[in-house]
Q: 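What follows is a structure written as structure tokens; I'll ask about it next.
Just so it is clear: chains get the letters A, B, ... in the order the sequence lines come, proteins before strands, and each one is counted from 1.
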Amino acid sequence: MSSPYKKLSIKKLPVPTEKGTEESRFWKRFKSRCSLSEIASVTSIKFSPIQPFDFAVTSSTRVQIYSTQTYKVKKTISRFNDIAYCGTIRNDGKLLVAGDATGLIQVFDINSRAILRTMQGHNHPVHITRFAPGNTQILSCSDDKTARIWDVPGQEAISIFQEHQDYVRAGLISNDNPHLVLTGSYDQSIKLWDLRTNSCTMSMSHGAPVEDVLMFPGGGMIISAGGPTITVWDLISGGRVVRSVSNHQKTITSMCFNGSSTRLLTGSLDHHVKIYDVQNYDVVHSIEYSSPILCIALSPDDTNIVAGMTCGTISIRRRKFVQKELSMSHQNKQPRVGSYKYFTRGQTYSGNKGDFVVESKPRERLALYDRYLKKFQYSNALDAALRNGTQAILTISLLQELIRRDALRQAIVGRDDLSLEPLVKFLIRWINEPRYTSILVDVGNVIIDVYSSVIYKSPLIEKLIVNLHAKVKTEMNLQKEIAKIIGSLEMVAKGSLLTDTTNYT
Amino acid sequence: MSPMDTNGFRQLVFDGRQAALHPESQALKISRVVGGCLSSRPIIFSLDSKYFFCSCSNKIKVISVTTGEVVKTIFDSSGNCHNDEITCMMLNPNDPQQLLSGSLDGTIKVWKYSDVELLKKYEFGIPIYRMVILASYPDRFFVVTGIPCKNASCRGKQKAQALLYFRFDKKDQPEMHLLCKSKSMCTGLVTSPDGEFLIISFLRTIRIIKIKLNQQKGQKWPKYTHSSNISCIAIHPSKPYISIGDEYGKITHMYCLKESQIQDPVKSSVHWHPHKVNSLAFTSDGTYLLSGGKESVLVIWQIETGHTQFLPRLGSEIRSVTISPDQTLYAINLLDNSIKILSAINLEIKQAVQGLKHAQVDASIYPLSTGLVIEPRNHLVVLNGLPGTIQFYNPHSDRHVMEHEVSQRTMISRAFEKDIVYPNVNHVSFSSNGNWMATVDSREDGETTPELYLKFWKFDPNSQTYVLNARIDNPHSKAVVSLNFHPGTNDTSLSVVTTGLDNKFKVWKINSESHASQVFKDSVSWMCKFVGSYRQYTPRATAFSQDGSILSVAYDSIITLWDSRSNVLRDVLTLLPNYEFIRHLAFTNNSPFLVVTTQNFLYVWNLLTCTSKYQLSELCYKLLFRNYIST
């Protein structure tokens with residue numbers, strides 16, 4: 001061969017320059033979506049702190065444990081007499097605690113789903129149950145305006161905090177200092193309790209019923225959510241407000257940190273999840289959901305965002321792994337002897353640095369349309385580029401090449417209605433895409449030229465041509481409208497520029 | 001302009017330095033003439049097949065097959081060269097060290113090519129188109145002549161041509177006989193290998209002459225007429241037939257050389273070529289016939305079996321095919337001014353000699369629209385090549401350096417009568433350090449939607465070529481008139497200005513995201529930053545001042561000066577006789593002057609005072625202008 005066959009060059013169209021930051025690109029990677037539905041609104045989602053990061057979903061009168069690998073239910077715990085609240089998995093992933101609307105607190109073994117302990121004392125619904133870091137105590141917050149610390153082996157309350165004036169709907173035990181308990185209540189106050197003195201050591205007023213509280217690692221700073229605002233408090237300087245941010249339209253129902261506590265996620269009844277940088281509390285990303293959000297959780301390895309909604313839907317967004325992360329995990333696997341992989345191992349080995357590489361000339365593979373183009377079978381080439389699943393830009397490039405070769409008519413003539421159909425369908429689909437219009441108008445002209453005398457004979461093509469006509473007409477009207485709007489906008493703009501006497505643009 | 005600058009394509013490169021040193025000197029000298037048409041005539045191999053001769057206007061180049069270098073040029077300044085184009089060459093059959101060349105100036109010269117020595121010169125007094133000498137009869141020539149045509153455009157399309165027989169006596173006085181004549185042009189003149197027959201073909205007729213010099217009246221062959229226009233003929237080396245290629249691509253074998261078959265020759269034909277067959281050649285053993293034509297496919301026919309072998313995609317129309325004496329090389333002259341030497345064994349290209357392209361294309365469809373652009377990196381001349389490409393030509397060494405495909409193009413021959421319209425490169429411009437190149441190419445066939453692209457190419461130091469960085473579809477809604485790079489050398493703040501017939505000029509700026517993350521580290525793109533117009537006049541030319549601070553855009557007879565940084569109109573200069581349109585615009589180096597040319601005038605503006613300094617009426621302004629550009 002004197003010179004190799006030149007493959008069809010596929011047009012590249014300009015891509016709009018990506019605005020967004022690194023941060024928003026990261027959060028946008030949470031792409032693949034999965035929706036699970038529960039029978040009632042989802043009140044709590046809690047991840048297990050150990051691998052493989054299963055999560056407990058509390059909804060109606062049951063707690064279900066889902067796997068993050070398959071998003072299937074692993075366990076269902078439904079031994080509640082009334083609506084269950086706040087199913088929380090213990091640090092070792094073996095036990096689960098949940099409260100219910102009767103005021104009962106139950107501890108389950110996750111594996112056998114057996115009730116291990118039952119704690120009675122609250123006479124109103126218990127909305128918050130938490131394990132203490134030492135794993136032997138439980139914090140519970142209830143609508144009877146109290147928060148209690150329970151001893152798990154003894155099944156009895158060892159501390160009762162009674163200073164709140166309204167429902168206690170938020171609470172946690174500090175991970176760094178297990179003597180500190182933080183609760184938030186509908187009486188708008190956040191209180192810090194010390195287990196050593198069994199008294200309230202600090203009380204802060206949020207200004208709205210407190211829905212959730214979070215504590216930074218170290219225990220020096222806390223965040224409270226209530227109403228549409230979050231407030232950051234500095235405990236060490238005596239409960240000073242560090243920052244108060246309001247980015248939601250409606251009440252914030254839930255908050256969580258990412259794995260390294262550098263980002264804060266808030267879910268709200270206004271359907272949005274917002275992600276904040278905790279350095280400056282700027283919103284770095286925002287995700288919209290279909291329903292008001294009641295609870296939000298991010299898996300400790302930052303791969304799954306799970307949101308529970310009022311309609312009973314659980315939405316899971318999983319982050320796509322970057323190729324690098326994946327290949328890292330597969331690197332050390334040796335293929336089994338005798339397997340296919342074993343015999344093809346080392347195919348991609350590219351030699352050591354100093355090696356002299358003898359270049360091999362790989363046989364060039366041509367795509368089907370290229371093979372037809374090489375043989376000047378234009379009609380077949382066009383068919384090959386119109387097959388289902390072909391990218392539009394490829395078909396456009398081929399049509400452009402046919403026009404350049406003065407072979408468009410050659411490729412279009414001599415078709416029956418069935419073989420003409422894909423081309424006309426392609427026209428209908430894409431003729432109003434501004435980047436393709438000029439080429440497709442030429443193609444349309446040739447089709448009309450060639451087939452205008454026989455179109456009426458085929459009802460199929462006739463219908464398609466009518467569709468095409470309608471589409472072109474709509475587009476023409478649209479363009480006219482756009483021109484009108486541009487004209488009127490220009491008038492407005494010129495009017496505002498009257499003071500500027502320059503006569504050039 | 002040289003007197004020979006009529007047929008072959010010429011490139012004039014002016015010595016810019018000379019003009020810069022002596023701006024007052026009126027005499028601009030042509031320092032060098034380079035280029036030339038290499039492939040218009042069939043080449044000749046030397047007997048040992050190590051060299052080949054190709055005629056280039058009035059010179060003959062001796063080129064080595066192994067290196068592709070010009071070993072010698074048979075052209076000496078002492079007036080021994082031909083005064084007009086060389087039309088035919090052949091080796092002296094009695095002494096293969098001698099090369100004969102026939103020319104339109106009416107002479108045949110005998111050269112000893114090994115040391116470029118003129119041995120003998122025969123004066124004919126009539127232009128020579130083809131010639132034949134036989135080994136057994138030295139000093140006797142069969143020459144095809146025609147009525148000389150003064151008009152350069154019809155040269156080579158001679159109407160009436162005749163075959164004459166010349167015999168030179170001891171005093172070099174010619175004795176002339178007319179053998180045959182025709183009202184159409186001669187399409188081929190061949191002799192049989194044993195020197196018995198001389199066959200000449202005209203447009204439709206073939207005459208066969210049996211060479212018996214003692215008695216002119218021998219067996220007379222009739223005048224054969226062919227059914228279609230003949231384009232070339234060849235004679236089989238051993239069998240008594242000739243092969244005729246015609247304009248419809250058919251190759252006809254006519255068995256007419258045996259005396260028994262004179263009256264009613266047997267014909268057989270083969271047909272592969274869809275277009276005109278330009279050349280036919282038999283191998284010396286008569287087993288294979290090579291044919292080539294407009295399809296740029298070399299076809300090798302095995303005569304006995306009729307088996308065909310193809311060598312496609314040679315790049316351009318085949319003009320002639322030559323086989324070397326030792327039968328190991330095929331030489332193909334292509335229309336794109338190149339000669340390709342193929343190995344007869346595996347049909348791989350062993351050597352290629354490329355001349356300056358572009359003259360072969362129809363200048364009315366594909367004009368030399370880029371002009372001559374000096375590429376800043378190696379100071380090569382850049383101009384249009386084949387349609388859709390630009391070529392880089394080194395004028396100092398007279399070599400074609402590189403062809404750059406601006407828009408991808410597959411060379412295919414037309415399917416019907418209408419020729420295929422290829423994209424044409426309209427403008428080329430380089431950034432001042434040569435790292436960037438901008439091109440404008442367009443395609444308009446009058447039927448489909450015109451294409452217009454502005455492309456930005458980045459120089460790739462590894463491959464030493466320009467790599468496409470950005471393509472802008474339809475940068476202007478009508479044709480682009482000019483394209484200019486800002487003279488800045490900073491690669492992060494380059495800008496380009498284009499003007500179009502849509503009465504707008506646009507400033508394109510490079511957009512390198514230095515602040516972006518590592519993912520988009522080397523993402524460089526081009527964006528339109530400014531669109532300007534001035535009272536709906538059509539912009540003609542643009543120029544940047546040397547420091548890049550001023551952009552001047554010339555409208556019909558108005559020059560506007562813009563601040564190139566803020567894109568604000570600074571001043572408007574008007575030419576006094578405003579009936580002439582501005583053609584060129586240039587800032588002088590290191591002085592605040594702006595030089596403007598129209599068809600008959602040259603203006604120089606002082607930009608400090610905004611007054612016209614000189615106004616010259618000069619006809620050869622264009623030469624001056626080129627110098628400003630090249631310095």
Q: Can you say whether Lys7(A) sits under 4.5 Å from chain B via the side chain, the backbone, both, or neither, judging by heavy atoms?
A: backbone

Q: Examine whether an atom of Lys11(A) lies under 4.5 Å from a heavy atom of chain B, and if so say whether it belongs to the side chain, the backbone or both; otherwise answer neither.
A: both

Q: Measuring from atom CD1 of Ile403(A) to atom CD of Glu451(B), what distance do you get when rounded to the nearest 0.5 angstrom?
A: 7.5 Å

Q: What part of Glu405(B) gets within 4.5 angstrom of chain A, counting heavy atoms only: side chain, backbone, both, or neither?
A: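 For Glu405(B), side-chain heavy atoms alone lie under 4.5 Å from chain A.
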
Q: Do you know which of Gln408(B), Lys418(B), Glu447(B) has the most heavy-atom pairs under 4.5 Å to chain A?
A: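 Sorted descending by pairs with chain A, the first entry is Gln408(B).
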
Q: Around Lys455(B), counting heavy atoms of other residues, nucleotides and ligands shown, do more than 12 lie under 6.0 Å from its NZ?
A: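 Counting neighbours around NZ of Lys455(B), more than 12 heavy atoms of other residues, nucleotides or ligands fall under 6.0 Å, so yes.
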
Q: Between Asn474(B) and chain A, with a heavy-atom cut-off of 4.5 Å, which part of the residue counts as in contact: side chain, backbone, both or neither?
A: neither

Q: Tell me whether Tyr537(B) at atom OH has more than 12 heavy atoms from other residues, nucleotides or ligands lying less than 6.0 Å away.
A: no

Q: Measure the spacing between CZ of Arg405(A) and CD of Gln410(A) and express it to the nearest 0.5 Å.
A: 10.5 Å

Q: Using a distance-only test with no angle check, is there a side-chain donor-acceptor pair under 3.5 angstrom linking Thr498(B) and Trp508(B)?
A: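 Judged by distance alone, the side chains do pair up.
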
Q: Where on Tyr5(A) is there a heavy atom nearer than 4.5 Å to chain B: the side chain, the backbone, both, or neither?
A: both

